[in-house]
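These numbers come from a predicted model, not from an experiment.
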Amino acid sequence: MAKINFGGVEENVVTREEFPLEKAREVMKNETIAIIGYGVQGPGQALNLRDNGFNVIVGQRQPSKSYEKAIADGFVPGETLFSIEEALEKGTIIFYLLSDAAQISMWPTVEKHLTEGKSLYFSHGFGITYKERTGIVPPENVDVILVAPKGSGTSLRRLFVEGKGLNSSFAIHQDYTGNARNKAVALGIGVGSGYLFETTFKKEVYSDLTGERGTLMGAIQGIFAAQYDLLRSKGHSPSEAFNETVEEATQSLYPLVAENGMDWMYANCSTTAQRGALDWWKKFRDATAPVFKELYESVETGNEAQLSIDSNSQEDYRVKLEAELKEMKESEMWITGSAVRKLRPENK
């Protein structure tokens with residue numbers, strides 16, 4: 001494991017060069033990976049592992065859309081696709097990739113199949129960190145590990161197919177066999193991680209919940225909406241407001257930030273843009289800092305976890321979710337966005 005300096009702070013990082021795929025396959029040669037949950041992260045991780053030469057089976061309810069998707073992805077009923085209980089019995093490493101709410105309801109079934117020496121794998125620290133609320137407490141005679149790709153399962157798969165990688169964190173909650181770290185790193189390499197950085201289950205879920213509600217999704221939608229609405233109120237057309245708020249950001253500037261950093265992007269835009277961005281970024285930082293503090297405290301106290309559990313466990317959750325998404329989809333900003341996307345040259 002290499003020590004890498006990030007802004008003056010040394011961190012433990014594992015790269016593909018240090019832990020090549022061949023070594024990962026050797027660590028996993030006698031293991032059967034059972035994917036439980038074929039929704040968000042499941043398909044990407046399962047397919048990447050399978051393509052990398054690991055022994056992968058999928059456990060999924062039948063009938064279901066996810067079951068049919070697994071078949072479409074090449075998993076064969078009775079050979080590599082089973083009921084959840086069958087997969088749990090056959091698997092030596094259980095990939096617990098159900099939603100947080102579904103993990104709670106499925107836990108009694110999973111727990112009884114966690115026999116001595118097996119491994120329980122998560123891609124989110126939620127269930128373990130908030131165990132008082134979830135009831136997820138693994139037996140002491142199994143390894144409990146985490147690999148959390150820093151992006152969606154769709155992105156994980158797309159980047160893998162392109163020969164790239166998505167960075168992941170990894171953590172060890174319980175090392176019964178003495179080999180938990182090697183397993184976690186091998187699986188991290190197997191699912192297609194660009195590199196792996198070490199964390200804990202608690203830190204993973206705290207940063208993840210903050211990020212999702214913050215700059216990854218919640219805050220960015222809020223900022224987009226605020227600027228778009230302002231421009232519209234000042235008489236700008238929907239197309240102009242959307243292009244100046246979203247399209248230029250996602251299609252032009254954000255990719256430059258991803259490739260070279262914010263400082264490079266600033267240095268390679270107009271001097272007028274440079275001056276304005278430099279003058280205003282700290283004002284936005286200072287304005288949003290109290291909101292982020294409030295958000296982190298809500299995560300830290302478990303309030304966000306409880307809100308998620310309560311909401312996602314309701315029978316009409318999907319109906320309410322669709323209504324909220326419909327409100328966003330039918331807003332002028334995202335109706336305009338749909339029209340703008342269709343006008344991109346690659347979509348004509």
Side-chain angles (χ1 to χ4, degrees), residues 23-39 41-42 45-46 48-50 52-62 64 66-67 70 75-148 170-191 200-202 204-205:
K23 183 176 180 179
R25 289 192 188 118
E26 179 65 23
V27 172
M28 290 289 114
K29 66 181 180 181
N30 296 320
E31 306 284 358
T32 298
I33 299 166
I35 307 290
I36 308 302
Y38 207 75
Q41 280 288 336
Q45 295 200 32
N48 291 0
L49 285 163
R50 187 183 68 183
N52 270 334
F54 294 77
N55 182 22
V56 181
I57 62 175
V58 173
Q60 184 59 47
R61 288 193 184 93
Q62 183 186 11
S64 69
S66 295
Y67 189 89
F75 291 98
V76 180
E79 295 181 14
T80 53
L81 177 58
F82 302 94
S83 70
I84 290 176
E85 289 238 21
E86 284 180 293
L88 286 169
E89 184 177 351
K90 293 176 181 294
T92 59
I93 299 181
I94 308 303
F95 270 46
Y96 206 20
L97 301 180
L98 294 167
S99 69
D100 295 324
Q103 283 188 14
I104 296 170
S105 61
M106 185 60 65
W107 177 244
T109 301
V110 173
E111 185 179 19
K112 70 181 182 181
H113 288 285
L114 290 175
T115 52
E116 184 176 3
K118 284 195 176 186
S119 300
L120 181 60
Y121 168 110
F122 293 86
S123 281
H124 192 24
F126 191 99
I128 295 292
T129 299
Y130 300 113
K131 61 182 183 294
E132 293 84 2
R133 301 167 189 268
T134 65
I136 296 177
V137 181
E140 294 181 355
N141 59 356
V142 300
D143 290 340
V144 182
I145 59 180
L146 174 145
V147 174
F170 77 97
I172 314 301
H173 176 69
Q174 199 164 276
D175 185 5
Y176 174 74
T177 65
N179 198 36
R181 181 176 294 272
N182 269 342
K183 289 179 185 177
V185 173
L187 291 167
I189 297 298
V191 300
T200 66
F201 274 62
K202 181 181 287 187
E204 189 283 329
V205 74

Next item on the list: Please test Tyr38 against Leu81 for side chain to side chain contact (heavy atoms under 4.5 Å, CB included), starting from the C-alpha separation and ending with a verdict.
Entry: CA-CA 11 Å; Tyr38 207 75; Leu81 177 58; over 6 Å; no
Notebook entry, point to check: Can Phe126 and Thr134 be said to form a side chain to side chain contact (heavy atoms under 4.5 Å, CB included), step by step?
Noted result: CA-CA 9 Å; Phe126 191 99; Thr134 65; 4.0 Å; yes
Next item on the list: Mind running side chain to side chain contact (heavy atoms under 4.5 Å, CB included) on Gln41 and Phe95 for me, showing each step along the way?
Entry: CA-CA 10 Å; Gln41 280 288 336; Phe95 270 46; over 6 Å; no
Checklist line | CA sep, side-chain torsions, deciding dist, call: Ile136, Phe122, side chain to side chain contact (heavy atoms under 4.5 Å, CB included) | finding: CA-CA 12 Å; Ile136 296 177; Phe122 293 86; 4.2 Å; yes
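Interatomic distance, His113 NE2 to Ile36 CD1, rounded to the nearest 0.5 Å: 9.0 Å. To the nearest 0.5 Å, atom OG1 of residue Thr115 and atom CG of residue Asn141 are 8.0 Å apart. Rounded to the nearest 0.5 Å, atoms NZ (Lys118) and CD1 (Ile94) are 4.5 Å apart. Distance check: Phe201 CZ to Ile128 CD1 gives 5.5 Å after rounding to the nearest 0.5 Å. To the nearest 0.5 Å, atoms CD1 (Ile57) and CG (Leu88) are separated by 8.5 Å. Considering CZ of Phe82 and CD1 of Ile35, their distance stands at 13.0 Å, rounded to 0.5 Å.
With Arg25 contributing its side chain and Asn52 its backbone, the two residues share a donor-acceptor pair below 3.5 Å. Looking at Gln103, its side chain does come within 3.5 Å of a backbone N or O of Leu98 through a donor-acceptor pair. Side chain of Glu204 to main chain of Gly125: a donor-acceptor pair is present (N/O by atom type, distance under 3.5 Å, no hydrogens or angles).
Closest of all the heavy-atom pairs between Val191 and Val147 is CG2-CG1, 4.3 Å. Between Ala87 and Gly59 the shortest heavy-atom distance is CB-CA, 3.5 Å. Of all heavy-atom pairs spanning Phe54 and Gly190, the tightest one is CE1-CA, 3.7 Å. Closest approach of Tyr121 and Gln45 over heavy atoms only: OH-OE1, 2.7 Å. Nearest heavy-atom pair, Ser123 versus Ala148, reported as atom, atom and distance to 0.1 Å: O-CB, 3.5 Å. Closest non-hydrogen pair, Gly37 versus Leu97, comes out as O-CB, 3.9 Å.
Looking at heavy atoms from C-beta onward, Leu187 lies in side-chain contact with Ile33 at the 4.5 angstrom threshold.
With sequence neighbours excluded, the residues forming a side chain to side chain donor-acceptor pair (under 3.5 Å) with Thr32 are Asn55, listed by chain and number. Every residue two or more places apart in sequence or in another chain that forms a side-chain contact (heavy atoms from CB on, under 4.5 Å) with Asp143 is listed here: Ser119, Asp175, Tyr176, Thr177, Ala180, Lys183. Under the rule for a side-chain contact (heavy atoms from CB on, under 4.5 Å), the partners of Gln174 that lie at least two apart in sequence or sit in another chain are Val142, Val144. Applying the side-chain contact (heavy atoms from CB on, under 4.5 Å) test to Val76 and every residue at least two apart in sequence or in another chain returns Glu79, Thr80. Looking at residues two or more places apart in sequence or on another chain, you find a side-chain contact (heavy atoms from CB on, under 4.5 Å) between Ala184 and Ile145, Phe170, Ile172.
Sorted by first then second residue, the side-chain hydrogen bond (donor to acceptor under 3.5 Å, both in side chains) pairs that include residues 89-98, not counting sequence neighbours, are Glu31-Thr92.
Taking the charged nitrogens against the carboxylate oxygens, Lys23 and Glu26 have no contact shorter than 4.0 Å, which rules out a salt bridge.
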